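Heads up: numbering here begins at 1 and tracks the sequence. Computed from a prediction, not measured in an experiment: that's the story for all the values here.
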Amino acid sequence: MNYKMMGRFIGKILMVEGVFMIPALLISLWEREFGAAKAFLWSIAVIFAVSLVLVALCRGTKNKFYAKDGLACVGISWIVMSLLGCLPFYISGAIPGFVDAFFEIVSGFTTTGASILPAVEGLPKGILYWRSFSHWLGGMGVLVFLLAISSVGGSDNGFTMHLLRAESPGPNVGKLVPKMKKTAEILYILYVVLTILNVVFLLAGHMSLFEAVCTAFGTAGTGGFGVKNDSIAGYSHYIQNVCTVFMILFGVNFSCYYMLLIKQFKNVFRDEELRLYLGVMAGSILLITLNLKGYYATLGETVRHAAFQVSSIMTTTGFATVDFDFWPGFSKAILLSLMVIGASAGSTGGGFKCGRLLLVLKSLQRSVHQVVHPQKVQAVRVNGTPVDEKILKNTNAYLAAYVIIIGVSFLLISVDGFSITTNFSAVLACFNNIGPGFEMVGPACNFAAYSTFSKLVLIMDMLAGRLEIFPILILFSRTTWRHR
């Protein structure tokens, strides 16, 4: 394990986090929120101090970096970044309990959107900005950002590839271009451009600049933290429709946008994952619209709410225009299923991912065919290309870990005595990085009622879900910390 290289990189990540706190500090000073400004000053000072100590202690490191180093580095980075990132909430008194503050910022960085706050409109604007910005920073990944703007120098011996694979969502991370650093740059350029477009469209709907930026951060990162107590319900139909469209866009694999830029239109239209993603979404909207007949005054209103909530849940954003906990059981069952399916691999969305679902379905189809024709050798193909058996094996392992973690987490938080629906939807909402669940954790409620123990379990679920499970699991393996 290359501890020095890990420490140096974590130090750089903390520097990035400290720099990104400065706009929130400036907003607090502009709004004369001196308590929040003081909290940000102290937080920035602590973060830079820790960062400088790590960089100083980890000089002269060797460049050798292995896959397990990358996984462990990503897992530790996100935990440390969250522990320090929650300081403004705690020091300012906006969230008095440290575990609650930790829960809130982990929910932000992992783009979950689950909150322990009963109301947000009374919070200082600097705090609201940092809370929403955590979605944007966590959406594409702070490590991907650091790889995009910096160089490790010389031959990195797989350093960038291991980090990008460990942090990026999906069954497999490939290169858009030959160099991984260039791939990270392309991803972030696309991310920034789409975010700016989102802000422009929101401003066209007469949103204030502050609200437009914070809402775009939540939409781009598919996070769901809002600046209003009723999420998006109080905004105009135009704003709601803009959010629907951009949530769908940010749930698409970003490689599709790159293929559009280089004019590979046929490859985009033939992409099986994209077709599955859009097909499941369109089918869910249709079924919920039919099931909600009579719930709303007009068909247009019914379609608008159905489309918004389907796109919000499937992309794991978590915004809401209505309290869908009052919808019929069939509609809620569809939303619960979408919590699991999630968005596309390579997007900012969470969940099991359409890419993995596609592989599981195709593997199942192959297994059925092999029962009928046991002598026939058949490869699993996606977009006409054979899938490496190693990827299929990893997908099966991920599915097993996914089910086990959900089951264990559900049992652990059930000690609080809440209903099965509340607990199960809470685990799904946190592990799949969605935000709201049903009943006591529905869109009109929050997670404050859970005990400290249950909140810590849900925090680990959020981290494991955002980091694709293994960067967190590897931290609990003894073999990770053994010397080679």
Do [X] and [Y] make a side-chain contact, defined as non-hydrogen atoms from C-beta onward lying under 4.5 Å apart?
X      : Y      : result
Phe352 : Leu399 : yes
Phe89  : Arg131 : yes
Leu194 : Phe254 : yes
Met460 : Ile472 : yes
Val242 : Thr219 : no
Ser43  : Leu84  : no
Val50  : Val80  : no
Leu249 : Leu197 : no

Polar side-chain atom of [X] near backbone of [Y] as donor-acceptor pair, under 3.5 Å:
X      : Y      : value
Asn253 : Ser255 : yes
Thr112 : Gly435 : no
Gln240 : Tyr235 : yes
Glu272 : Asn383 : yes
Asn446 : Ala448 : yes
Glu273 : Ser344 : no
Thr110 : Val106 : yes
Ser107 : Phe103 : no
Asp461 : Val427 : no
Arg356 : Tyr398 : no

Heavy atoms only: give me the nearest [X]-[Y] pair and the separation to one decimal.
X      : Y      : result
Ala220 : Thr195 : CB-OG1, 3.5 Å
Ser231 : Ala320 : OG-N, 3.1 Å
Ser454 : Ile413 : OG-CA, 3.5 Å
Leu335 : Phe438 : CB-CZ, 4.3 Å
Ala36  : Pro124 : CB-CB, 4.0 Å
Ser28  : Gly126 : OG-CA, 3.4 Å

For this session: Could you tell me whether Glu468 and Lys353 have a side-chain N and a carboxylate O separated by less than 4.0 Å?
Result: yes
For this session: For side-chain hydrogen bond (donor to acceptor under 3.5 Å, both in side chains), just list the numbers for Thr316 and Asn433, CA-CA rounded to whole Å, side-chain angles, deciding distance to a tenth of an Å, and then say yes or no.
Result: CA-CA 6 Å; Thr316 72; Asn433 306 133; over 6 Å; no
When rounded to the nearest 0.5 angstrom, what distance separates [atom1] in [X] from [atom2] in [Y]?
X      : Y      : atom1 : atom2 : value
Lys38  : Phe34  : NZ    : CZ    : 13.0 Å
Cys445 : Met440 : SG    : CE    : 7.5 Å
Leu475 : Phe470 : CG    : CZ    : 13.0 Å
Met21  : Ile44  : CE    : CD1   : 6.5 Å
Phe308 : Ile248 : CZ    : CD1   : 10.5 Å
Ile459 : Lys455 : CD1   : NZ    : 9.0 Å

Problem set entry | side-chain contact (heavy atoms from CB on, under 4.5 Å), paired with Cys243, selected from Thr317, Asn198, Thr215 | Thr215
For this session: Tell me, yes or no, whether the heavy-atom count around Phe424 atom CZ, taken from other residues, nucleotides or ligands under 6.0 Å, exceeds 12.
Result: no
Exercise. For atom OH of Tyr90, is the number of surrounding heavy atoms from other residues, nucleotides or ligands below 6.0 Å larger than 12?
Worked result: no
Just say parallel, tilted or perpendicular for the rings of [X] and [Y], cut-offs at 30° and 60°.
X      : Y      : result
Phe431 : Tyr402 : tilted
Trp136 : Phe133 : parallel
Trp130 : Phe109 : perpendicular
Tyr129 : Phe217 : perpendicular

For this session: Please lay out, stage by stage, how Ser92 and Ile127 fare under the test side chain to side chain contact (heavy atoms under 4.5 Å, CB included).
Result: CA-CA 9 Å; Ser92 68; Ile127 295 293; 3.7 Å; yes
For this session: Output every pair passing salt bridge (Lys or Arg N to Asp or Glu O under 4.0 Å) with a member in residues 242-254, not counting sequence neighbours, ordered by first then second residue.
Result: none
For this session: Test Val252 against Ser347 for side chain to side chain contact (heavy atoms under 4.5 Å, CB included), laying out the working first.
Result: CA-CA 5 Å; Val252 173; Ser347 71; 5.8 Å; no
Problem set entry | Worked check of side chain to side chain contact (heavy atoms under 4.5 Å, CB included) between Phe98 and Leu87 | CA-CA 8 Å; Phe98 185 81; Leu87 290 179; 4.3 Å; yes
Exercise. Out of Phe250, Phe225, Tyr191, which one pairs with His135 under the ring-ring contact (aromatic ring centres under 6.0 Å, His included) rule?
Worked result: Phe225
Problem set entry | Candidate pair Tyr257 and Val193, rule side chain to side chain contact (heavy atoms under 4.5 Å, CB included), full reasoning | CA-CA 11 Å; Tyr257 297 129; Val193 169; over 6 Å; no
Exercise. Between Tyr450 and Asn423, do the side chains contain an N or O donor and an N or O acceptor separated by less than 3.5 Å?
Worked result: yes
